[in-house]
Each structure stands twice: as C-alpha cells, then as structure tokens.
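Here's the structure, in structure tokens; my notes come after.
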Amino acid sequence: MTHQFQAIRQAFTTMRQNKIRHRDIALQLGLSEAELVAVHTGATIDADTTMQAIRLNNEWAAIIEALEPLGEVMALTRNESCVHEKIGVYRDASHNGNVGLVLGEIDLRVFYSQWAFGFAVKEHGEHGEQNSLQFYNKTGTAIHKIFIKEQSNKTEYAQLVARFTADKQEPNIICVPATPPAAEKPDADIDVKGFRQAWADMKDTHDFFGLLRKFGVSRLQSFRLAETRFAQRIAKDNLPALFDTAVAQAVSIMVFTGNPGMIQIHSGVIYKTAVMGPWINVLDLRFSLHLRQDHIDQAWLIKKPTVDGIVTSIELFDKQGDTIVMLFGERKPGKPELPQWRALVDNMVKELTPCPV
C-alpha cells in the first residue's frame with residue numbers, strides 16, 4: 001500500500017509540473033480529489049513529492065470561526081461550472097446547528113452537514129510554498145478552500161492547524177459514490193394554483209426556500225410553473241454583455257456561487273471582465289469569477305415580491321438542473337432593489353430573443 005501511495009504522489013508531482021489542476025489529476029488517476037489529497041498525509045516534501053497534507057478533525061464550525069486572526073486570505077468555492085474567489089477576512093463567523101454564516105467582505109452560507117473531510121495542505125510549486133485549508137464532502141468533491149496569502153498571519157495559521165490536527169493521520173480515506181438526485185414530482189401532482197398564489201404573496205426572498213419545500217417542487221420546476229410575470233426563460237448567449245454593462249455602468253451586483261456545502265457571495269462593483277475560450281471571467285484585485293459559458297443549459301429572469309418591492313435575479317443552470325450561479329443587484333433587507341440593476345436586466349431582456357419554455 002505504501003508503494004501505491006508513493007506512485008500516486010510521484011504521478012501527482014509530474015502532472016503538476018505540467019500545470020494540470022488537482023481535480024483533473026484526480027480524475028486521470030481514478031480518484032476523488034479528497035482521496036488525492038489524503039494520499040499525501042504524512043508525506044515528506046522532496047524531489048518526488050511536492051505536496052503534504054495534515055488531516056483535520058471534524059470541528060468544522062470551530063475551524064471556520066477561528067479563521068479571523070489569520071487576517072486576509074483567499075476564499076474559494078466552486079461547482080462543476082463556476083469558480084468564485086474572494087480575498088478578505090473571515091469576520092463575524094457563527095453557526096446555528098449545521099448552518100453557518102460568515103459576514104463581511106468574505107460572505108458565506110455554510111451547510112456543515114455536507115462536510116466530511118478536511119486537510120491543511122502544503123504544496124511546493126514554481127511560485128514557492130502554498131498553504132491552504134481544504135474541505136470535501138463524503139464523495140470527495142471539494143466544498144471550500146482557503147488559501148494563505150503573503151499578507152496572512154502565518155503564525156496564527158500554524159497555531160490553527162496545530163489546534164485542529166486530527167489524532168489519526170492516515171493517507172487513505174473512504175469516499176462514497178454520489179447519490180442520484182430525486183426525481184421531480186410530475187407537474188400534474190403539484191398544486192399549481194396554490195403555488196402561484198404563494199409566490200405572489202412572498203414577503204422576503206428567503207421565503208422562496210420554504211415555498212419549494214411546501215409544494216414539493218425543484219427550483220427549475222418552480223420557474224417552469226410560475227406566472228410569466230415572475231419567471232421568464234431567456235437566451236443565454238449574451239451573458240458577457242451583462243457583465244460588461246455592469247462594469248461600464250458601475251452597477252453594484254451580488255454574485256452567488258455554490259455547491260451543496262457552501263454558498264459564497266460577492267457584493268460590489270466589478271471592474272474587469274474577459275472572455276477566454278468558453279470561460280467568462282471577472283478579474284478584479286479582490287474578486288475573481290470563472291464561469292463556463294458552454295456549461296449553461298438554461299438562463300432565467302426571476303422576480304420575487306418582498307416588502308421592499310420586487311427583487312430581480314438572473315439564474316443559470318447546467319444540463320443536470322443544478323444551479324451554476326445567481327446574479328442580483330446589491331441590496332440589504334429594508335432597502336429596495338437598485339434601479340440601475342433592474343434597468344440593466346430589463347434592457348438586456350429587451351435586446352435578446354426570449355427562449356421558448
């Protein structure tokens with residue numbers, strides 16, 4: 001078994017020299033990304049091994065709530081189609097049961113019931129040493145990563161790793177296959193009239209999650225069944241123009257990217273965008289977004305009633321019906337939606353030919 005671990009470490013080192021990403025290396029080696037990292041537990045960094053991992057215990061909320069003394073770090077949350085990176089401090093972290101919050105420039109909604117594995121990772125590469133904390137679900141898929149920056153407090157980081165190091169440091173973990181999503185209820189079994197009335201009666205955007213549970217509908221199904229004044233499927237091909245217009249008009253936006261274990265949010269003006277192959281990119285100093293436009297299967301314009309007026313979003317989905325990213329105008333409870341955002345979205349919709357539902 002030791003020889004097998006060493007072979008994986010050597011293969012990893014070779015592929016990293018060719019600038020292949022961790023998740024792609026894992027795929028090529030027939031491993032989950034968490035298994036690939038775990039193999040490096042207890043490794044010694046040398047010519048053949050460029051990564052070392054330390055298993056963390058499962059005090060997930062305590063780990064996140066201990067991050068503030070590290071100062072500025074980079075938070076990364078991704079799904080199959082979008083990567084969201086944000087530099088800042090983990091301030092005002094808290095949790096209630098398995099749900100956590102981080103509020104501030106790094107803005108997170110955390111679902112700890114999905115977390116299964118955590119590591120402190122050290123990697124030596126062409127740019128020197130990179131330290132990070134990495135968290136994975138039970139299938140070995142990445143939930144969230146925290147990268148130590150030059151300006152981070154390295155002493156506090158070392159103390160945090162020492163505090164949360166697991167007693168057992170074993171290079172193998174057991175991951176489980178992903179569970180297929182539950183099938184949608186047939187539309188004929190949905191109380192569409194009641195559902196539409198409940199949508200019209202919403203007072204807060206957060207009411208929407210309860211509405212989905214109450215009527216037993218998926219997010220995409222709810223859009224399909226909603227009144228067209230609240231949900232409209234739109235063309236997906238001109239999304240770069242939306243980002244470019246937001247830059248040109250200095251419209252402050254909110255960008256939600258997530259997976260079952262984490263939602264990461266950017267709020268503010270964006271300054272630089274670029275399309276590179278299939279990727280739509282936001283390339284700001286403290287916020288980066290990398291969105292696979294070719295993965296977008298459906299785009300929807302959504303309007304939700306609240307006590308502060310209508311809240312408008314653009315929501316993107318992949319072929320599996322999973323949310324890729326959600327875009328809003330920046331707002332806080334108690335304040336109406338930014339008119340600049342609503343005008344931007346309305347103009348975009350007018351310019352594009354709506355897709356048939």
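- Taking a 4.5 Å side-chain heavy-atom cut-off between Ile, Leu, Val, Met, Phe, Trp and Tyr, the cluster of Y271 extends to V269.
- Checked against ring-ring contact (aromatic ring centres under 6.0 Å, His included), F147 has no partners two or more places apart in sequence or in another chain.
- For D92, there are no salt bridge (charged side-chain N to carboxylate O under 4.0 Å, His left out) partners two or more places apart in sequence or in a different chain.
- Applying the side-chain hydrogen bond (donor to acceptor under 3.5 Å, both in side chains) criterion to Q298, with sequence neighbours excluded, gives W300.
- Checking K332, K203, R331 one by one against D308, the salt bridge (Lys or Arg N to Asp or Glu O under 4.0 Å) holds for a single residue, R331.
- Residues S132 and F119 fail the side-chain proximity criterion, which asks for heavy atoms closer than 4.5 Å.
- With respect to K122, the side chain to side chain contact (heavy atoms under 4.5 Å, CB included) criterion is satisfied by exactly one of V161, I148, N131, I54: N131.
- Residues V83 and V325 do not share a hydrophobic cluster, clusters being chains of Ile/Leu/Val/Met/Phe/Trp/Tyr side chains in contact below 4.5 Å.
- A salt bridge is absent between R91 and E105; no separation between the charged side-chain nitrogens and carboxylate oxygens falls under 4.0 Å.
- Through ILVMFWY side-chain contacts below 4.5 Å, V275 is grouped with nothing and stands alone.
- Residues Q28 and D24 have side chains that never bring a donor and an acceptor to within less than 3.5 angstrom of each other.
- Side-chain N or O atoms of T41 include none that pairs as donor or acceptor with a backbone N or O of Q169 at under 3.5 Å.
- Scored by the side-chain hydrogen bond (donor to acceptor under 3.5 Å, both in side chains) test, R342 finds E337 as partners (sequence neighbours excluded).
- With side-chain heavy atoms closer than 4.5 Å counting as contact, directly or through intermediates, I174 stands alone and belongs to no larger hydrophobic cluster.
- Side-chain rings of F328 and F256 approach one another, their centers coming within less than 6.0 Å.
- Checked against the 6.0 Å centroid criterion, the rings of W60 and Y112 do not qualify as a close aromatic pair.
- Panel note: side chain Q264, backbone H84; a donor-acceptor pair is recorded below 3.5 Å.
- Ionic pairing of D207 and K304 is not present here: no N-O contact between side-chain nitrogen and carboxylate oxygen is shorter than 4.0 angstrom.
- At least one donor-acceptor pair under 3.5 Å links the side chain of N153 to the backbone N or O of T155.
- H266 pairs by the ring-ring contact (aromatic ring centres under 6.0 Å, His included) definition with F287, not counting sequence neighbours.
- Cluster partners of L285, using a side-chain heavy-atom cutoff of under 4.5 Å among ILVMFWY residues and allowing indirect links: none.
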Item to check | Residues R219, F208; criterion side-chain contact (heavy atoms from CB on, under 4.5 Å); working and verdict | outcome: CA-CA 9 Å; R219 195 175 191 92; F208 189 68; 3.9 Å; yes
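- Comment: E80 does not engage R292 in a salt bridge, judged by the lack of any side-chain N to carboxylate O separation of less than 4.0 angstrom.
- The main-chain N or O of A200 is never found under 3.5 Å from a side-chain atom of R196 such that the two would form a donor-acceptor pair.
- In this structure, R224 pairs ionically with E184, as a charged nitrogen and a carboxylate oxygen lie closer than 4.0 Å.
- When side chains are defined from C-beta on, K185 counts as touching I190, because their heavy atoms get closer than 4.5 Å.
- Taking the six-membered ring for Trp, F12 and H40 have ring centres closer than 6.0 Å.
- Not one N or O on the side chain of K19 forms a donor-acceptor pair closer than 3.5 Å with the backbone of M15.
- Partners of A178 by side-chain contact (heavy atoms from CB on, under 4.5 Å), not counting sequence neighbours, listed by chain and number: T139.
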Indicate every side-chain donor-acceptor pair of residues 240-252 with a distance under 3.5 Å to a residue at least two apart or in another chain.
unit_1	atom_1	unit_2	atom_2	d
D244	OD1	T273	OG1	2.5
T245	OG1	A241	O	2.7
S252	OG	E330	OE1	2.1

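- At least one donor-acceptor pair closer than 3.5 Å links the side chain of D318 to the backbone N or O of D322.
- We find that K86 and D107 are not joined by a salt bridge, their nearest charged nitrogen and carboxylate oxygen being 4.0 Å or further apart.
- Looking only at distances, no side-chain donor or acceptor of N58 sits under 3.5 Å from a matching main-chain atom of A116.
- By the side-chain hydrogen bond (donor to acceptor under 3.5 Å, both in side chains) test, D204 pairs with H206, sequence neighbours left out.
- Taking a cutoff of 4.0 Å between a charged side-chain nitrogen and a carboxylate oxygen, E227 and R229 qualify as a salt bridge.
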